[in-house]
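Here the structure is a predicted model, which is why all the values come from computation and not from measurement. All residue numbers in this chain count up from 1 along the given sequence. The analysis underlying the following values was restricted to heavy atoms, covering all of them including side chains, and did not include hydrogens, waters or symmetry mates.
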Amino acid sequence: MRKRGTKRESGGPAALAAAWCAALALALACLGVPGCAPEPEPEPDAAASASDAEGDGAPEGDPSGLGDVGDVAPPEGQEPEGAALAARIDAYLDRNFPATGVPGVAVAVVDGQDVRYLRTLGDVPGPDAPFVIGSLSKSFTALAVMQLVEEGAIDLDAPASAYAPAYDVPAAVTVRDLLNQTSGFGYYESLADARAGDAFGKFSYANANYDLLGRIVEAVSGQSYADYLDGRVLGPLGMATSSADPARAAAFGMAPGHRAWFGVPVADGFVHGSSDETWGAAPSGYVASSVEDMARYLQMYLNGGVGANGARVLSPEGVASMFLDRVPDPEGDTYYGMGWTSFCWDDGELVLSHDGQVENYVASMCLLPERDLGVVVLGDASDHAGGDGLFFDMASGVVAAAVGADPEPVDAAWVWRAHQRDDVLYLSVSLACALPLVTLPRWAARRGDGSASRSFGGRGRSARVVRAVLLHVVAPLGLLALPFAWGVPWRDLLAFAPDVSAVLLVCAALLVVAGVAKLMLVAKGSRDDGPRNGPAVKNTHAV
């Protein structure tokens with residue numbers, strides 16, 4: 001009996017420890033599979049990204065699908081208007097808005113003088129409720145710079161360091177480089193960390209470019225970026241519920257922002273901090289604006305720098321420079337210049353657009369100058385696991401409906417499957433990491449009855465130490481190092497993927513706590529066993 005029991009006791013813990021390690025290894029391997037790793041992605045139209053391998057008509061770098069619209073768009077002048085336009089877009093949104101998973105959206109279609117269509121859906125308080133508009137903010141910053149260029153206060157080809165000497169930027173990097181994203185700054189670099197790299201001279205999307213431009217606007221104007229926009233852009237255009245100041249925007253009654261927690265949009269109150277150390281600030285991605293105000297903003301571009309209210313904020317030549325002073329995206333068929341992505345449909349029609357994605361909001365805007373048409377769609381949630389793509393699909397559908405084409409439906413099935421896969425993965429990892437703590441009483445009982453001690457000598461002891469180090473030191477460190485393997489800083493993972501961050505941190509903590517508990521039990525057992533296992537004391541009173 002003793003021999004049989006000893007065999008079971010020595011084999012059981014080893015098998016259990018092996019199972020823990022195997023489960024963790026499998027989980028770590030699965031988390032490293034492309035598509036599993038969460039990442040705050042570049043805006044679909046602004047950053048290089050491969051299009052369909054077969055070539056479906058969308059230009060490379062334009063996965064938002066606006067390139068497809070050109071294949072089916074009726075000729076200029078045949079766009080629906082009035083009740084016909086409203087009926088088309090209403091029908092499309094009624095069918096497809098629920099599929100996006102975004103709790104609330106706001107949509108506007110404009111021409112140079114009129115708002116052709118305006119609607120809010122879901123939990124949006126109203127058309128005057130601000131959203132954080134993400135990288136649509138870049139065009140505001142470019143507009144501010146171009147205003148100062150026209151006044152002679154900024155030279156586009158002067159070194160950026162001439163206006164912002166406090167930042168370590170080489171003299172070769174010009175203001176124009178920042179506007180056209182050719183400075184060589186890295187995608188994930190904050191302004192404090194930004195350095196001109198190997199990509200200098202080529203398009204390489206980075207928030208730091210526009211955050212530095214915001215500092216240049218401040219240095220030249222003597223005002224804060226938010227105050228400059230208020231006085232020179234937002235105020236003149238009548239954008240009464242827009243601001244680059246988070247406190248002012250909140251006072252206007254923001255649409256509630258949602259982050260994705262395990263596939264569910266949650267209004268968790270997240271507010272992005274703004275400093276040189278954060279990944280993006282107001283000039284690159286955190287201006288807040290309502291759909292009513294964004295309608296006015298797009299009208300200004302359609303009118304060559306003049307708002308629908310008659311206020312001029314930029315010359316026609318300045319607007320043309322923002323659109324066409326651009327550089328090619330080396331990985332696609334699009335161009336980037338001064339806060340706008342541009343390309344042409346097959347018939348040569350110019351399309352200007354930009355998408356935005358921050359932690360808890362998404363946005364998309366499009367201009368078709370030859371049709372005198374602008375479209376903006378704002379959403380109050382962001383989903384790092386792929387749901388944002390559904391929002392951008394819907395935004396492209398709105399553009400298609402606005403020009404008279406038949407929009408493609410939003411297909412949400414793949415995102416639903418992705419969330420199922422990810423949630424099962426997160427649960428598996430969590431259970432594997434909790435197992436050592438759950439089975440701690442059994443481990444302590446085994447140690448207490450001496451079975452562990454008998455196998456804790458020689459090779460058995462070394463094997464146990466190795467397993468303990470792997471399970472309670474190496475595995476937690478491996479979990480915490482995963483973001484580095486993905487190329488995503490912890491700073492951004494915490495903000496953009498709070499559920500993934502929580503799983504990694506909780507799992508690492510569970511393994512460490514279990515290891516510390518075992519260590520404390522071993523130390524306590526050693527103290528308790530000391531007198532019993534020590535040398536016998538001679539009885540000097542024995543007869």
Side-chain angles (χ1 to χ4, degrees), residues 41-52 55-71 73 134-143 145-146 149 156-157 173-185 187 199-210 213 284-285 298 301-302 304-305 314 316-357 363-371 373-376 392 395-396 399 403:
E41 298 177 355
E43 287 76 12
D45 68 334
S49 177
S51 63
D52 189 281
D56 58 2
E60 293 184 36
D62 176 44
S64 60
L66 287 176
D68 293 331
V69 177
D71 295 338
S135 288
L136 277 59
S137 307
K138 291 180 171 66
S139 64
F140 284 84
T141 302
L143 174 62
V145 170
M146 289 304 295
V149 168
L156 288 177
D157 296 312
V173 175
T174 66
V175 176
R176 194 187 303 273
D177 286 321
L178 301 178
L179 287 165
N180 290 344
Q181 308 263 19
T182 57
S183 69
F185 291 167
Y187 178 70
F200 174 70
K202 297 181 294 185
F203 171 73
S204 180
Y205 195 82
N207 282 341
N209 287 313
Y210 276 77
L213 286 168
S284 66
L298 295 185
Y301 286 106
L302 294 173
L314 195 65
E317 294 77 17
V319 171
S321 293
M322 289 185 66
F323 292 163
L324 300 176
D325 185 348
R326 55 188 183 168
V327 296
D329 180 344
E331 298 187 30
D333 296 330
T334 62
Y335 295 82
Y336 192 92
M338 302 195 184
W340 290 92
T341 292
S342 59
F343 60 92
C344 288
W345 284 338
D346 290 342
D347 62 357
E349 182 177 353
L350 178 66
V351 181
L352 300 148
S353 69
H354 212 298
D355 292 342
Q357 174 191 359
S364 181
M365 64 180 178
C366 175
L367 286 173
L368 301 168
E370 295 172 38
R371 295 176 187 262
L373 199 66
V375 178
V376 60
F392 294 121
S396 295
V399 174
V403 299

Problem set entry | Residues forming a side-chain contact (heavy atoms from CB on, under 4.5 Å) with Ala208, sequence neighbours excluded | Phe185, Ala194
Seminar exercise, completed: With sequence neighbours left out, the residues meeting side-chain contact (heavy atoms from CB on, under 4.5 Å) with Glu317 are Ser315
Does [X] reach the main-chain N or O of [Y] with its side chain, forming a donor-acceptor pair under 3.5 Å?
| X | Y | result |
| --- | --- | --- |
| Glu370 | Leu350 | yes |
| Tyr210 | Leu179 | yes |
| Ser396 | Phe392 | yes |

Testing the basics here: between [X] and [Y], what is the closest heavy-atom pair and its distance to 0.1 Å?
| X | Y | result |
| --- | --- | --- |
| Met146 | Ser321 | CE-CB, 4.0 Å |
| Val173 | Ser183 | CG1-CB, 3.8 Å |
| Gly339 | Ser139 | O-CB, 3.8 Å |
| Val399 | Cys366 | CG2-CB, 4.1 Å |
| Val319 | Gly304 | CG2-C, 3.7 Å |
| Pro369 | Leu302 | CA-CD2, 4.1 Å |

[X]: partners by side-chain hydrogen bond (donor to acceptor under 3.5 Å, both in side chains), with sequence neighbours left out:
| X | answer |
| --- | --- |
| Thr174 | Asp177 |
| Ser137 | none |
| Asn180 | none |

Atom pair [atom1] ([X]) and [atom2] ([Y]), whose distance is rounded to the nearest 0.5 Å:
| X | Y | atom1 | atom2 | answer |
| --- | --- | --- | --- | --- |
| Met365 | Leu352 | CE | CG | 9.0 Å |
| Ser284 | Tyr205 | OG | OH | 8.0 Å |
| Met338 | Thr141 | CE | OG1 | 13.0 Å |
| Ser204 | Asn209 | OG | CG | 8.0 Å |
| Phe140 | Ser135 | CZ | OG | 12.5 Å |
| His354 | Leu136 | NE2 | CG | 7.0 Å |

Exercise. Out of Val149, Val145, Asp157, Thr182, which one pairs with Arg176 under the side chain to side chain contact (heavy atoms under 4.5 Å, CB included) rule?
Worked result: Asp157
Problem set entry | Test log, rule side-chain contact (heavy atoms from CB on, under 4.5 Å), inputs Leu368 and Val351 | CA-CA 5 Å; Leu368 301 168; Val351 181; 3.8 Å; yes
Exercise. Sequence neighbours excluded, which residues qualify as salt bridge (charged side-chain N to carboxylate O under 4.0 Å, His left out) partners of Arg326?
Worked result: none
For this session: Verify the distance criterion only: is there a donor paired with an acceptor across the side chains of Lys138 and Tyr336 at less than 3.5 Å?
Result: no
For this session: Sequence neighbours left out, what passes ring-ring contact (aromatic ring centres under 6.0 Å, His included) with Tyr301? Give chain and number order.
Result: Tyr297, Phe323, Trp340
